[in-house]
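Notes to accompany the following structure.
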Amino acid sequence: QVRLVESGGGSVQAGGSLTLSCGASGFLSSVYCVGWFRQAPGNEREGVASFSYDGTATYADSVKGRFTLSRDTAKNTVTLQMNKLKPEDTAMYYCARGRWPYGPVCTMLGMDFDVWGQGTQVTVSS
């Protein structure tokens with residue numbers, strides 16, 4: 001069964017750090033684009049970062065310099081390290097799989113992803 005499971009969310013104070021993990025099962029995440037998205041109440045879902053199969057990482061301007069993607073092929077996971085968190089980072093965070101293995105383009109557009117995790121909540125207090 002193809003599945004993604006996020007973990008690592010929680011509550012922190014502004015300036016703190018959290019590490020989110022996206023565990024894949026039923027497929028090799030290393031041959032797919034894996035994206036991270038977030039959605040706060042009342043807001044539209046937005047792309048946070050994406051990691052192509054060749055290791056190219058792309059970040060939204062709002063998180064650039066604070067968030068870092070990494071991949072553990074042995075554990076079949078993609079990790080989002082979030083530092084210097086701000087209250088505006090508060091949201092439900094989701095990881096998702098790109099539609100095609102070895103896809104030439106790895107975006108942060110939700111329409112380009114076909115498998116989604118259930119989400120993990122991140123709350124940053126001021």
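Numbering starts at 1 and runs along the sequence shown.
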(message) Do the side chains of Arg99 and Asp112 get close enough for a salt bridge, i.e. N-O under 4.0 angstrom?
(response) no
Quick one: is the NZ or CZ of Arg45 closer than 6.0 Å to the six-membered ring centre of Tyr94, and within 45° of its axis? no
To the nearest 0.5 Å, atom CZ of Phe51 lies from atom OG of Ser30 at 10.5 Å
For Ala24 and Leu4, the nearest pair of non-hydrogen atoms, with its separation, is CB-CD2, 3.8 Å
Has Thr79 got a side-chain atom pairing as donor or acceptor with Ser21's backbone, closer than 3.5 angstrom?
no
For Thr68 and Tyr59, the nearest pair of non-hydrogen atoms, with its separation, is CA-OH, 3.4 Å
The residue among Val63, Asn43, Leu20 that forms side chain to side chain contact (heavy atoms under 4.5 Å, CB included) with Arg38 is Val63
Open item on the list: Quick check on the hydrophobic clustering: are Tyr102 and Leu28 connected, directly or via other members, by side-chain heavy-atom contacts under 4.5 Å?
Closed with: yes
### Message
Tell me whether Asn76 contacts the main-chain N or O of Phe27 through its side chain, where contact means a donor paired with an acceptor under 3.5 Å.
### Response
yes
same_hphob_cluster(Val2, Trp116) at 4.5 Å side-chain heavy-atom cutoff
no
**Request:** Determine, using the 4.5 Å side-chain heavy-atom cutoff (strictly less than), whether Met108 and Val122 are members of one ILVMFWY cluster.
**Result:** no
- Do Val115 and Val78 share a hydrophobic cluster, counting only Ile, Leu, Val, Met, Phe, Trp and Tyr and linking them when any side-chain heavy atoms are less than 4.5 Å apart? no
Can a salt bridge be assigned to the pair Lys64 and Asp61 using a cut-off of 4.0 Å between side-chain N and carboxylate O? yes
Here the gap from Lys75 atom NZ to Ser29 atom OG, rounded to the nearest 0.5 Å, amounts to 13.0 Å
Worksheet item: Cut-off 3.5 Å, side chains only: do Thr77 and Asp72 have a donor facing an acceptor?
Response: no
Taking every heavy atom of Leu69 against every heavy atom of Ala49, the minimum-distance pair comes out as CD1-CB, 3.7 Å
Practice problem: Indicate, with yes or no, if Val48 and Val5 share a hydrophobic cluster defined by side-chain heavy-atom contacts under 4.5 Å among Ile, Leu, Val, Met, Phe, Trp and Tyr. | Solution: no
Exercise. Distance-only, no hydrogens or angles: does the Glu6 side chain make a donor-acceptor pair with backbone N or O of Gln118 under 3.5 Å?
Worked result: yes
OG (Ser126) and CD (Gln13) are apart, to the nearest 0.5 Å, by 9.0 Å
Are any side-chain N or O atoms of Arg66 and backbone N or O atoms of Lys84, one a donor and one an acceptor, separated by less than 3.5 Å? yes
Output for pair (Trp36 CH2, Thr120 OG1), nearest 0.5 Å, gives 7.5 Å
In this structure, SG of Cys95 is separated from CZ of Phe37 (nearest 0.5 Å) by 10.0 Å
message = Checking side-chain polar atoms at under 3.5 Å, does Gln81 have a donor or acceptor matched by the opposite partner on Thr19?
response = yes
**Request:** Using the six-membered ring wherever Trp is involved, compare the ring planes of Tyr93 and Phe67 and label them parallel, tilted or perpendicular (cut-offs 30° and 60°).
**Result:** tilted
Query raised in the report: Is there a side-chain contact between Val12 and Met82, using heavy atoms and a 4.5 Å cut-off?
Result: no
SG (Cys33) and CG (Asp54) are apart, to the nearest 0.5 Å, by 10.0 Å
